[in-house]
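Here is the structure we will look at, set down as structure tokens.
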Amino acid sequence: MESELEITDLCVAYGPVRAVKSVSLSVPRGSVVALIGANGAGKSSLFRGILGAARTTSGQVLHRGERLRTNRKPHQVVRRGIAYVPEGRHVIAPLTVEENILLTSDRKNKLSVDQAFDLFPRLAARRRVLAGALSGGEQQMLVIGRALASNPTCILLDEPSMGLAPIVIQEIYQIFSDRLRGSGTTFLLAEQSAVFALRVADMVGVLSVGQLVYKGTPSEVSALGDLAGIYFGASGSAVNNSSQ
């Protein structure tokens, strides 16, 4: 299967602090690859490194076989078709739901807007409502819909469940599983909640203190005996030897 993203020995640093340490990961086209790990494991930093929003000290990123420039800027990466949904639900509060989606779509082509509303019926019912007045779950649906409206080949989706009630998380991941997975768009998903990520992922990587310590299928990760220990970097874990 052809790769959407090919990440090789990527290191990301903030001053003297190395947040990501020689991570290598292949993301096949049209797949869902989940990165799970505790807060501070390096998931968001890896995304920022891919985008060029954080300094990479070594390594490379290929998008559809083409190497991204070392001095790349986020807007250049986005123009290539890599959309980014950061953690924290960054809606444009003074604009309506529909106006938020139109920001990333072709205004002459309402198809992408209609598709977003079809995917998230709750948003369709509130299309004229200011985004700042939405619930947390509705805002999360909006930022995902807004990213999809740009017709990307790949979406980096960072911590979509953060701060949401379990019933809302369940709803979002059900839509993800039923409608987004297998849609042709590639997803690289970062999550603290392994429970939800394992339900939708084709492949899973476990990050701990900036390192990719395990890669496997959801069933293989589910079978790990000490996932909590792996999350928090337990020393001597056999998993460290199985990630190569």
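Side chains of Leu46 and Val23 form a contact here, defined as non-hydrogen atoms less than 4.5 Å apart. In this structure, Thr96 and Arg126 have side chains that are not in contact, with every pair of non-hydrogen atoms separated by 4.5 Å or more. Two residues are said to be in side-chain contact when any heavy atoms from C-beta on lie closer than 4.5 Å; Leu148 and Thr104 fail this criterion. A 4.5 Å side-chain heavy-atom check between Ile175 and Gln170 finds every atom pair outside the cut-off. At a threshold of 4.5 Å between non-hydrogen side-chain atoms, the residues Ser45 and Tyr14 count as touching. Side-chain contact between Thr57 and Cys11: present, with at least one pair of heavy atoms (C-beta onward) separated by less than 4.5 Å. Taking 4.5 Å as the limit, every side-chain heavy atom of Tyr84 sits out of range of all side-chain heavy atoms of Leu157. Looking at heavy atoms from C-beta onward, Pro94 lies in side-chain contact with Ile92 at the 4.5 angstrom threshold.
Side-chain atoms of Asp118 do not come within 3.5 Å of backbone N or O of Asp114 as any donor-acceptor pair. Of the possible polar contacts, none joining the Ser24 side chain to the Thr8 backbone as a donor-acceptor pair under 3.5 Å is found. A donor-acceptor pair is defined here as one N or O able to donate and one able to accept, closer than 3.5 Å; such a pair exists between the side chain of Ser222 and the backbone of Pro218. The closest donor-acceptor contact from the side chain of Lys21 to the backbone of Asp9 lies at 3.5 Å or more, if one exists at all. The closest donor-acceptor contact from the side chain of Asp202 to the backbone of Ser31 lies at 3.5 Å or more, if one exists at all. The backbone N or O of Leu180 lies less than 3.5 Å from a partner atom in the side chain of Ser183, making a donor-acceptor pair. Of the possible donor and acceptor atoms, one in the side chain of Glu191 sits under 3.5 Å from a partner among the backbone N and O of Ser161. A donor-acceptor contact shorter than 3.5 Å links the side chain of Arg80 to the backbone of His63. Lys43 places a side-chain N or O within donor-acceptor distance of the main-chain N or O of Ala38, the cut-off being under 3.5 Å.
Residues Met162 and Val85 are members of separate hydrophobic clusters, defined by side-chain heavy-atom contacts under 4.5 angstrom among Ile, Leu, Val, Met, Phe, Trp and Tyr. In terms of hydrophobic clustering, with Ile, Leu, Val, Met, Phe, Trp and Tyr side chains grouped at heavy-atom distances under 4.5 Å, Phe187 and Val78 are assigned to different clusters. In the hydrophobic clustering of this structure, Tyr173 does not group with Val195; members are Ile, Leu, Val, Met, Phe, Trp, Tyr whose side-chain heavy atoms approach within less than 4.5 Å, directly or through other members.
Here the closest heavy-atom approach between residue Pro28 and residue Val33 is recorded as CD-CG2, 4.1 Å. Taking all atoms of both residues into account, the shortest heavy-atom contact from Leu142 to Ala131 is CD2-CB, 3.8 Å. A pairwise comparison of heavy atoms in Ile36 and Ala194 identifies CD1-CB, 3.8 Å as the closest pair. The minimum heavy-atom distance between Gly145 and Phe120, with the atom names listed, is N-CE1, 3.9 Å. The minimum heavy-atom distance linking Arg89 with Gly136 is given by the pair CD-O, 3.0 Å. The two atoms that bring Asp158 and Ala190 nearest to each other are OD1-CB, 3.6 Å, heavy atoms only.
The structure places CG of Leu103 at 6.0 Å from CG of Leu95, a figure rounded to the nearest 0.5 Å. Distance check, rounded to the nearest 0.5 Å: CZ of Arg29 to OG of Ser3 gives 8.0 Å. The CG atom of Leu189 lies 11.5 Å from the CZ atom of Arg181; values are rounded to the nearest 0.5 Å. Taken to the nearest 0.5 Å, the CD atom of Glu220 stands 6.5 Å off from the CE atom of Met203. In this structure, Lys73 NZ and Leu51 CG are separated by 12.5 Å, a value rounded to the nearest 0.5 Å. Distance check: Glu98 CD to Asn100 CG gives 10.5 Å after rounding to the nearest 0.5 Å.
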> Can you check side chain to side chain donor-acceptor pair (under 3.5 Å) on Gln60 and Arg69, steps first, answer last?
Replying inline: CA-CA 9 Å; Gln60 68 175 18; Arg69 294 168 48 189; over 6 Å; no
Item to complete: Please test Gln140 against Ile172 for side-chain contact (heavy atoms from CB on, under 4.5 Å), starting from the C-alpha separation and ending with a verdict.
Response: CA-CA 8 Å; Gln140 186 63 71; Ile172 290 173; 3.8 Å; yes
*Show your reasoning for whether side-chain contact (heavy atoms from CB on, under 4.5 Å) applies to Arg127 and Phe117.*
CA-CA 8 Å; Arg127 64 193 302 157; Phe117 286 147; 3.3 Å; yes
Val200 and Ser177: side-chain contact (heavy atoms from CB on, under 4.5 Å), yes or no, with the steps?
CA-CA 5 Å; Val200 300; Ser177 180; 3.9 Å; yes
**OP:** Please step through ring-ring contact (aromatic ring centres under 6.0 Å, His included) for the pair Phe196 and Phe176, ending with a clear verdict.
**Re:** CA-CA 10 Å; Phe196 291 104; Phe176 200 102; over 10 Å; no
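For the 3.5 Å distance criterion, the side chains of Tyr214 and Ser208 fail to qualify, holding no donor opposite an acceptor. With no hydrogens or angles considered, no side-chain donor-acceptor pair links Glu159 and Ser44 at under 3.5 Å.
Looking at Leu10, Leu35, Leu5, Ile50 one by one, the single match for side-chain contact (heavy atoms from CB on, under 4.5 Å) with Leu25 turns out to be Leu35.
Note on Glu171 versus Arg122: salt bridge recorded, some NZ/NE/NH1/NH2 to OD/OE distance being below 4.0 Å.
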